[in-house]
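Scroll down for the structure; my scribbles are underneath it.
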There are 4 protein chains.
Amino acid sequence: MTTAQKKRREMHIAIRDAAIREFARNGLAGTSTQVIAQSAGISKAQLHYYISSKEELYQQVLGHIVRQWREIFFLSPTRDDPATAIATYIERKLRHALEYPDISRLFANEIARGAPEMAGHWEELKASVDEASEVIRGWIEAGMLAPVDPLLFQINMWAVTQHYAEYEAQARVLMDVPDGAPLDADRIIAEATELFLLRCGLQGRGPRP
Amino acid sequence: MTTAQKKRREMHIAIRDAAIREFARNGLAGTSTQVIAQSAGISKAQLHYYISSKEELYQQVLGHIVRQWREIFFLSPTRDDPATAIATYIERKLRHALEYPDISRLFANEIARGAPEMAGHWEELKASVDEASEVIRGWIEAGMLAPVDPLLFQINMWAVTQHYAEYEAQARVLMDVPDGAPLDADRIIAEATELFLLRCGLQGRGPRP
Amino acid sequence: MTTAQKKRREMHIAIRDAAIREFARNGLAGTSTQVIAQSAGISKAQLHYYISSKEELYQQVLGHIVRQWREIFFLSPTRDDPATAIATYIERKLRHALEYPDISRLFANEIARGAPEMAGHWEELKASVDEASEVIRGWIEAGMLAPVDPLLFQINMWAVTQHYAEYEAQARVLMDVPDGAPLDADRIIAEATELFLLRCGLQGRGPRP
Amino acid sequence: MTTAQKKRREMHIAIRDAAIREFARNGLAGTSTQVIAQSAGISKAQLHYYISSKEELYQQVLGHIVRQWREIFFLSPTRDDPATAIATYIERKLRHALEYPDISRLFANEIARGAPEMAGHWEELKASVDEASEVIRGWIEAGMLAPVDPLLFQINMWAVTQHYAEYEAQARVLMDVPDGAPLDADRIIAEATELFLLRCGLQGRGPRP
DNA sequence: GATGAATGAGGGTTCATTCAT
DNA sequence: TATGAATGAACCCTCATTCAT
């Protein structure tokens, strides 16, 4: 039954999305299956038919996020010059954070708790980061980049890009953006790009002669 | 009388500290009074003798944090030159974050939830930030600073300094710091300082001729 | 479906009956959901599956009583002569009170507390009483009844009829009726009827020449 | 220490009055010692210093009420003619009910619960009622009173007089008396007197030639 | 698959009472 | 006496999960 399977998959996606929404708001312990079910538009009993436990659902969602990030974000050792690679990374990461803030929030929440459920996921994340460090080191050695600590450089980029998702509410207040409206992505991206390009001796996109 | 009052105050502080610890871990909804009591070394009933409700305790803690930050962190419009002022701010903020990461985590968690309990606290936070923006603008106009968006500059500093508290667990993994040991504060501070001083056209502390 | 719905309805009735029993004994504040559940033969959690809160259950029960009374007790402006109408009213009310004393007790308890939950119910009760007052006034004007204050006449009938429910325990002692046995309804009804018929100039059922 | 004793007695009276107020509202189970203490203007710990338990306090209050009633209300076999005796009784009882409604309410509440704490008090109450029955029977035999069931006659008088205390809130609504104002005692007394005098063949106070 | 019902555990809070000071 | 503190039980209610249909 391809149709049945399809429906099943759709249901799982609906549940996952609802779980992200709700876990992002109140964490694992603070989110009830009732609320997740409601958010997914199904009954609590129905939810428990599709998942085996709340913890397991959380784990799944976490894995999904980590996998997704690994797929999307990387400092490609490709043909791009460093400036483009970095600017692209920042833009991609920031747009993702602004569009799917709940994903960042859920992840941040998990880390802030001491990352008790991340056990199985560190490896691939670290691999991804180490790989990028190598790329950066390569650039530095090739004289294409001012010397930076590749790890802290990445962590700080991560810090800034994640921030606008997690602290959206605060950014909204400080930037006088009303509740419904989106944050000014371009302005944020421009400033972040400038910040990190200047750090490694590359001209920013800012005003040039 | 003084002894009794002192004991009472000590109890309230112990409770507040326990609350910060636990709320930081699991948020308002995910933290039980049971756990807070345990963490404070008292019984649940005893805890409820000292607090009027979990929500109220949370509010108190939140107020405490905001007030504390307002007192400690500011870009002083004092006699300091911009470089010193900014470096000092970053160092102070980062050392605080690394020493009391739970405070940052609790705050981050509240903001990530949409800041439902922050209603009464935005004003003073925003005032503090606006004030600092004025200082920065002054420096720029005086030609002491390259032109930056004062607000985004501050938000990004905040992002980076907060990050090492909230993402401590991740930083620990990426930086290969074992569980008991502290993160390398000096290294982090140096990089962050360099990052933001370079952004506004001031030489970093980095290698100079 | 019909079977399930029927079972559901039966459960709700069982709960309502248990609630009446228990609220009648100890009032809203003095009755625990535990006790209500026990009285209904279910678990506490099960009870809370069917009701939304103790207060709401109480409200429902109160509404049920008021509605029931409005339906059953009224001084019909029908073809009955006053004596029959009044005698019928007293008999109906007294038999109801003696058969379902808990209903009277629960209501009495609510009123004695200052009727904090009656807000929404006074209107229909007052309407019912005012309507009856009109009927009585009509009889008086038609010369069929000695002049009485229609309102106090009704209140006093209410007082006497309710009394044997609320004060059943006392009546039992004074009338030497052992615990299991019912009060002598006929004797009570006869005396009450006589009392109120004599008041308004109608011969009672008592000894006539 | 006469002064100390006096203060102690005053405290006990204050506590008793507070207990009557509060027990009248919510019954034994529904009233907390906290609330009683507050109503008496003392702390909970202080209250428990003066009483030995909530149950015992309730018992004391109940005993106080029964004793008080026994002292105040009785159909005196004195020199009064029946009409005066009955009218006096009704007036005294009604004025007491209207002035101290909480006493009536507390008593009613106890009886409605099945009078579990009255065990020790029935005897004197019944004795009092039986005594009055004798008086009434005497009057009937002397031809001074139409034949009535002495017991039901008394119970009904009790019903009507108590009613305006217990159902004060309802009477207030039906009689359009605003919350602060007292009920119209004279009107109520007149009607009740008329009712019971007519019952036993005595002219009411109503219009006479 | 989906739904209503059930349940044992736990959540926040209050309780009557006692104790130390 | 009076007060703040402490406690174990209870209170109302929600939880994650299971089961029958």
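Convention: sequence-line order gives letters A, B, ...; per-chain numbering from 1.
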Using only heavy-atom distances, decide whether a donor-acceptor pair under 3.5 angstrom links the side-chain of Lys7(C) to the base of dA5(E).
-> no
Look at the side chain of Lys44(B) against the base of dG12(E) and say whether a donor-acceptor pair falls under 3.5 Å; ignore hydrogens and angles.
-> yes
How close or far is atom [atom2] of [N] from atom [atom1] of [X], stated in whole angstroms?
X        : N       : atom1 : atom2 : value
Gln34(D) : dT14(E) : CD    : P     : 10 Å
Ile36(A) : dT14(F) : CD1   : C1'   : 15 Å
Arg9(A)  : dG1(E)  : CZ    : C1'   : 18 Å
Asn26(C) : dC15(E) : CG    : P     : 16 Å
Glu56(B) : dT14(E) : CD    : P     : 12 Å
Gln5(C)  : dT3(E)  : CD    : P     : 15 Å
Lys54(D) : dT17(E) : NZ    : C1'   : 12 Å
Ile42(D) : dT1(F)  : CD1   : P     : 12 Å

When you measure from the side chain of [X], which nucleotide among [options] comes out closest?
X        : options                   : value
Ser53(B) : dT17(F), dC12(F), dT13(E) : dT13(E)
Glu55(C) : dA16(E), dC13(F), dT7(E)  : dC13(F)
His48(B) : dC13(F), dT13(E), dA16(E) : dT13(E)
Tyr49(C) : dA16(E), dA5(E), dA16(F)  : dA5(E)

Touch check for Ser52(D), heavy atoms < 4.0 angstrom, all strands: base, sugar-phosphate only, or nothing?
-> nothing
Glu110(B) bridged to Arg113(B) by N-O distance under 4.0 Å = yes
Does [N] have OP1 or OP2 under 4.0 Å away from a side-chain N or O of [X]?
X        : N       : result
Thr33(A) : dA16(F) : yes
Tyr50(D) : dA2(F)  : yes
Gln46(D) : dT3(F)  : yes
Ser32(A) : dC15(F) : yes

May I ask you to check whether over 12 heavy atoms, not counting those of Tyr50(B), lie within 6.0 Å of atom OH?
-> yes
Ignoring hydrogens and angles, state whether a donor on the side chain of Gln60(A) or Glu56(A) is under 3.5 Å from an acceptor on the partner side chain.
-> yes
Between [X] and [Y], which heavy-atom pair has the shortest distance, and what is it?
X         : Y         : result
Leu57(A)  : Ala19(A)  : CD2-CB, 3.9 Å
Glu117(C) : Leu62(C)  : O-CD2, 3.7 Å
Gly63(C)  : His121(C) : CA-CE1, 3.5 Å

Nearest nucleotide by nearest heavy atom, which residue falls closer to the 5' end of DNA chain E, Met11(A) or Arg8(C)?
-> Met11(A)
Which base, if any, makes a Watson-Crick or G-U wobble pair with dA16(F), both distances under 3.5 Å?
-> dT7(E)
Watson-Crick or G-U wobble partner of dT21(F), both distances under 3.5 Å = dA2(E)
Nearest-nucleotide 5' precedence on DNA chain F, Ile51(C) against Ser43(B) | Ser43(B)
